[in-house]
Novice: 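My structure is below; once you've seen it, I'll send some questions.
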Amino acid sequence: MLKEIRNQPEHIRALFMWLSVFIVFSLVIFVWANSFQQKLSLLLNSEEKTETAKQGSPLAVIASGFNDLRATIIDLFSLASGKKNELEIKSNLEDRFGSKIEPNLLPVSE
């Protein structure tokens with residue numbers, strides 16, 4: 001496999017090298033941004049600290065994220081095909097998040 005890579009022209013190898021660098025740095029920045037967002041939300045909402053302690057292992061969190069993504073994709077395709085109406089979507093959101101989603105305000109120093 002290394003021989004095949006070495007047989008490629010220089011500009012092709014450079015292109016794949018920069019593409020690899022871009023992908024790796026994008027993943028690192030994505031993970032850092034998610035971590036920073038979680039830390040910031042914990043600083044702003046101290047009552048959520050107990051919830052994050054009960055979450056479980058990182059693999060369980062990743063699995064639940066994939067399950068949420070799968071459910072979102074299924075909902076998206078069912079919306080595109082016209083199977084769901086607006087009332088079903090609203091009731092589904094209310095079941096998931098409660099009756100009203102309140103924004104979290106930033107603390108103001110006086």
Side-chain angles (χ1 to χ4, degrees):
M1 185 168 154
L2 288 175
K3 288 183 181 181
E4 290 179 23
I5 294 172
R6 289 183 182 144
N7 289 337
Q8 297 295 323
E10 184 70 28
H11 69 280
I12 299 292
R13 288 187 285 169
L15 177 74
F16 279 109
M17 186 267 308
W18 286 114
L19 183 64
S20 300
V21 168
F22 176 75
I23 290 171
V24 168
F25 275 106
S26 297
L27 289 173
V28 168
I29 290 172
F30 177 74
V31 169
W32 175 79
N34 281 340
S35 172
F36 180 74
Q37 179 185 7
Q38 288 175 353
K39 287 179 184 177
L40 186 63
S41 67
L42 285 177
L43 287 173
L44 294 176
N45 301 324
S46 61
E47 63 271 359
E48 286 184 15
K49 288 181 183 178
T50 57
E51 288 180 20
T52 57
K54 297 177 185 176
Q55 279 183 346
S57 70
L59 293 177
V61 173
I62 291 171
S64 68
F66 280 124
N67 287 336
D68 289 344
L69 178 65
R70 183 179 55 88
T72 303
I73 291 172
I74 290 171
D75 285 344
L76 179 66
F77 284 120
S78 64
L79 278 176
S81 64
K83 291 182 182 176
K84 287 191 174 182
N85 61 16
E86 197 171 314
L87 292 175
E88 290 178 14
I89 296 167
K90 187 174 180 181
S91 66
N92 187 16
L93 287 175
E94 288 177 355
D95 291 342
R96 279 187 183 176
F97 301 110
S99 62
K100 187 175 181 183
I101 301 172
E102 294 290 331
N104 293 327
L105 301 176
L106 294 173
V108 178
S109 60
E110 295 180 58

Novice: Would you say Phe25 ends up clustered with Met17 if hydrophobic residues are merged whenever their side chains have heavy atoms under 4.5 Å apart, either directly or through other cluster members?
Specialist: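 Yes; Phe25 is reachable from Met17 via cluster members.
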Novice: Check side-chain contact (heavy atoms from CB on, under 4.5 Å) between Leu27 and all other residues, then give those that pass, not counting sequence neighbours.
Specialist: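 Residues passing side-chain contact (heavy atoms from CB on, under 4.5 Å) with Leu27: Ile23.
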Novice: Can you list everything that forms a ring pair (Phe, Tyr, Trp, His ring centres under 6.0 Å) with Phe36? Sequence neighbours excluded, please.
Specialist: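 For Phe36 the ring pair (Phe, Tyr, Trp, His ring centres under 6.0 Å) partners, ignoring immediate neighbours, are Trp32.
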Novice: Please give the remaining members of the hydrophobic cluster of Ile29, linking ILVMFWY side chains under 4.5 Å, ordered by chain and number.
Specialist: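 Joined to Ile29, directly or through intermediates: none.
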Novice: How would you list all residue pairs meeting side-chain hydrogen bond (donor to acceptor under 3.5 Å, both in side chains) that involve residues 7-18, not counting sequence neighbours?
Specialist: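 Pairs touching residues 7-18 that pass the test: Glu10-Arg13.
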Novice: Ser20 side chain to Phe16 main-chain N or O, any donor-acceptor pair under 3.5 Å?
Specialist: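 Yes: the side chain of Ser20 pairs with the backbone of Phe16.
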Novice: State which residues pass salt bridge (charged side-chain N to carboxylate O under 4.0 Å, His left out) with Glu4; sequence neighbours excluded, sorted by chain then number.
Specialist: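 Testing Glu4 for salt bridge (charged side-chain N to carboxylate O under 4.0 Å, His left out), a comparison that skips the adjacent residues, returns none.
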Novice: Apart from Leu15 itself, which Ile, Leu, Val, Met, Phe, Trp or Tyr residues share its cluster (side-chain heavy atoms under 4.5 Å, direct or through members)?
Specialist: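 Grouped by the 4.5 Å side-chain rule, Leu15 forms a cluster of one, so the answer is none.
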